[in-house]
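Contents: one structure, followed by commentary.
No experiment lies behind these values; they were computed from the predicted model shown.
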Amino acid sequence: IVTPRDRMVRLATHKWTVLSLIAHTRARNAMINDESLRDRLYGLVPNAYLEKLRMIHKKKIPLQTERVRLFEIFLEDLTEWWRDLLKEITLFGIGNSTKPTYMRLADVQHRTRSSQDMLSYVEKMSGSREDNAQLFAALCRSLGIPARLVISIQCPGWTASPSSTKSNAVANSNETPAKIDENDYRGEKWRGLDKPLEVKYQPKLRAIKAKPLKPTEVAAEEADAEPIDTQSPPTMWVEVFSKPWQKWITVDPIRGIVTPTGNRRMEPSNSDKSNRLVYVLAFEEDGHARDVTARYTRTLYSRISRMRPPSTKKGGEETDWWSRVVASVQRQERFARDFEEDEEMQTAASREPMPSSVAAFKDHPVYALEKHLKRDEVIFPAKQAGTFQGTPVFLRANVIACRSSRQWYNEGRVINEGEDALKWVKSRGYTLANKRAEEEARQQGMDGLQEGLYAPFQTEVYTAPPVVDGKIPTNAFGNVDLFVDSMLPPGGVHIPYNGAGKVAKKLEIPYAEAVVGFEFRKHRGMPKIKGIVVAEEYGETVTEAFLEYEEEAAAKDAKRKKEQALKAKRKEINAVKIKARLQRDY
DNA sequence: TTGTTCTAATATTCTTTGAGCATG
DNA sequence: CCATGCTCTTTGAATATTAGAACA
């Protein structure tokens, strides 16, 4: 059972973990730029390799494809050599295997505080998988090859973990719900509880089986920790920029994988609980990072993006947490290679296979099913993109949000003449007047009023009837609809001050009140009036007169207040005087 | 087991033109 | 007497989202 508060805590925990790990990686990424560390690494590289690298140059090898090939071979050789060099691998976080990776913290002697610690890993020729990746990135940078430190951020899920909380939650039944607080934000069941439900942590304990190590596995330092499979996908790796090819090459120095194309070899299996690919960030030498998740998964839209916090709509503006995070670590301007990379990842993502479950189609950014359409949504044009379980699949790009003619009018648009509604839906009567109309219709045998919905392309900007001879054309209520600026009648001007009407009246200038929106209460809509509309030629006069009036009123008000204060003071003084006299006389 | 769908509960959205009274 | 401005209240059903159970 999860309360909204729990949900909030989970989301916050998730976000904090992600941000912390970004900060961590950023620090490490800066650490490996240390000169002495780089010099040390550079010194390790055999001359033959340096020579090979120098050979890959336009002047020496004019053919580009050849240079591309040579660079790849060089990188493979370098990785192979590196793998032989750094043999020992220790577990990054040493801890209990029942905890997921993000819960493991390195103990004190394994903590990396500075580039000096990193240097010591080089001297000892040992380190964790993550250290290894970091050092490899440093090595590439020392050779003058642009290299990125890539992290797959490991974080707790923000959704409820099913069954883990349910059975363990025990209500304090012997405690009588004390006072019921009227302002208690919680639901019926939770109201009155003065402390959170007690949740007993009951870890599932398993006997440790001393399994023989697989050839690819390495024993962890702690006896009860699970062995590390060095052939499993890492959480940190390197991307190396191939100058001849102008593209990033993925390198996992531990597994010795060098792959020039986007691939899934970094994606852990679905069932892997300790390694989940959700966010992948690539840190460049200058400290900026890019979101490269799309390169490493084939289920970005249908699976991965659902593991991220949902975007929230605040005041009609949609904000996505992860996009904001990415924007904050990204370089402000994009280089040519960045544009190319974005395009490449975009195509990779668009080639993502169709979801394999109905649920994954919901809110999918590429595909859409008819059953998931919202009330006001229409598929247009209804071009089928495929079939899923016997029902047609459409493209999300063809899903249009429609509006009724009233809703369009509220945005200052009207339906083009002769347009037919794309969709008819049951009208929702909210106001008493609407309810009554609906009731009447039902009595006449018609069931439910329908209202037509129209797409944006079926509408045009509304033009109000123009001002003629200083007269403002009004609606049935004697005022002007001014929901957006474009609804201002031609030849008119909006004076957005309440009270301007009074002034205009005194000046005998024709005017109409401007309705800028509505307010709702008790099943009734109330117009929000803000100022007036007058003919252009009177605009200045009225504004000036109004400002003058305002000033006068303010002065009057100040005077009145002053008088009142004086009066009160006089009264007070009198009271004191009377009191004194009373005390003296009696 | 595990991923998916169903279902109930909770949260959010949508609506679009008064009335009564005190004051000056 | 009238015009003006202030205050009153903040509904409720449909739709969307979510958690947790049932299901395959």
query = How do A/R524 and A/G499 order along DNA chain C: which one's closest nucleotide is nearer the 5' end?
reply =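 Taking each residue's closest nucleotide, the earlier one in sequence belongs to A/G499.
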Side-chain N or O of [X] versus OP1/OP2 of [N]: is the shortest distance under 4.0 Å?
X: A/K362; N: C/dT17; answer: yes
X: A/Q407; N: B/dC14; answer: no
X: A/R7; N: C/dA19; answer: yes
X: A/K502; N: C/dG5; answer: yes

Strand-adjacent residues in residues 473-486 of chain A, judged by heavy atoms under 4.0 Å from DNA chain B =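 Contacts with DNA chain B under 4.0 Å: A/N475, A/F477, A/N479, A/D481.
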inquiry  = Tell me whether the count of non-hydrogen atoms from other residues, nucleotides or ligands lying under 6.0 Å of CD in A/E537 goes above 12.
reply    =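 Enclosed.
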query = Should we count CD of A/Q384 as having more than 12 external heavy atoms under 6.0 Å?
reply = yes
task = Run the salt-bridge test on A/E513 and A/K530 with the 4.0 Å N-O cut-off and return the result as yes or no.
result =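 The answer is no: the pair does not qualify as a salt bridge.
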message = Taking A/K556 first and then A/E550, would you say they form a salt bridge - that is, a charged N and a carboxylate O separated by under 4.0 Å?
response = no
inquiry  = Less than 3.5 Å apart, any donor N or O on the side chain of A/E352 or A/T299 sitting next to an acceptor on the other?
reply    =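 No, because no side-chain N or O of A/E352 sits under 3.5 Å from a partner of the opposite role on A/T299.
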query = Would you say the side chains of A/T297 and A/E267 form a donor-acceptor pair under 3.5 Å?
reply = yes
Given atom [atom1] of [X] and atom [atom2] of [N], what is their separation to the nearest angstrom?
X: A/R403; N: B/dT13; atom1: CZ; atom2: P; answer: 14 Å
X: A/K530; N: C/dG5; atom1: NZ; atom2: C1'; answer: 19 Å
X: A/E377; N: C/dA16; atom1: CD; atom2: C1'; answer: 12 Å
X: A/K374; N: C/dA16; atom1: NZ; atom2: C1'; answer: 8 Å
X: A/L453; N: C/dT15; atom1: CG; atom2: P; answer: 12 Å
X: A/M8; N: C/dT18; atom1: CE; atom2: P; answer: 15 Å
X: A/K426; N: B/dT15; atom1: NZ; atom2: C1'; answer: 15 Å
X: A/K371; N: C/dT15; atom1: NZ; atom2: P; answer: 17 Å

Suppose you measure atom [atom1] in [N] against the same atom in [M]; what distance do you get, rounded to whole Å?
N: B/dT17; M: C/dC8; atom1: P; result: 24 Å
N: C/dC23; M: B/dT1; atom1: C1'; result: 13 Å
N: C/dT11; M: B/dT12; atom1: P; result: 16 Å

Between [X] and [Y], how do the two ring planes meet: parallel, tilted or perpendicular, split at 30° and 60°?
X: A/Y301; Y: A/H364; answer: perpendicular
X: A/Y279; Y: A/W322; answer: tilted
X: A/F546; Y: A/Y497; answer: parallel

query = Stacking here means centres under 5.5 Å and planes under 30°; does A/F520 stack on C/dT10?
reply =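 Here the ring of A/F520 and the base of C/dT10 are not stacked, as the 5.5 Å and 30° limits are not both satisfied.
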Please list, pair by pair, any protein nitrogen or oxygen found under 3.5 Å from a nitrogen or oxygen in nucleotides 22-24 of chain B.
none

key: Pair partner, C/dC8 [Watson-Crick or wobble, under 3.5 Å]   =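 In the structure as shown, C/dC8 has B/dG18 as its Watson-Crick or wobble partner.
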inquiry  = Assuming nearest nucleotide by heavy-atom distance, tell me which of A/R375 and A/Q389 is located more 5' along DNA chain B.
reply    =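 With A/R375 and A/Q389 compared, the 5'-side residue is A/Q389.
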request  = Please assess A/F394 against A/Y367 for the test ring-ring contact (aromatic ring centres under 6.0 Å, His included), listing each intermediate value before the final yes or no.
outcome  = CA-CA 6 Å; A/F394 300 97; A/Y367 301 109; over 10 Å; no
query = Taking A/W408 for the side chain and A/Y454 for the main chain, is one N or O donor matched with an acceptor at less than 3.5 Å?
reply = yes
query = Reckon A/K528 touches a base, only the sugar-phosphate, or nothing at all at heavy-atom distances under 4.0 Å?
reply =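 No contact.
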Nearest-nucleotide pick for A/M526, side chain only, options being C/dT17, B/dT15, B/dG18 =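 Minimum distance to the A/M526 side chain belongs to B/dG18.
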remark   = Among B/dG18, C/dT4, B/dG3, the one nearest any side-chain atom of A/N270 is B/dG3
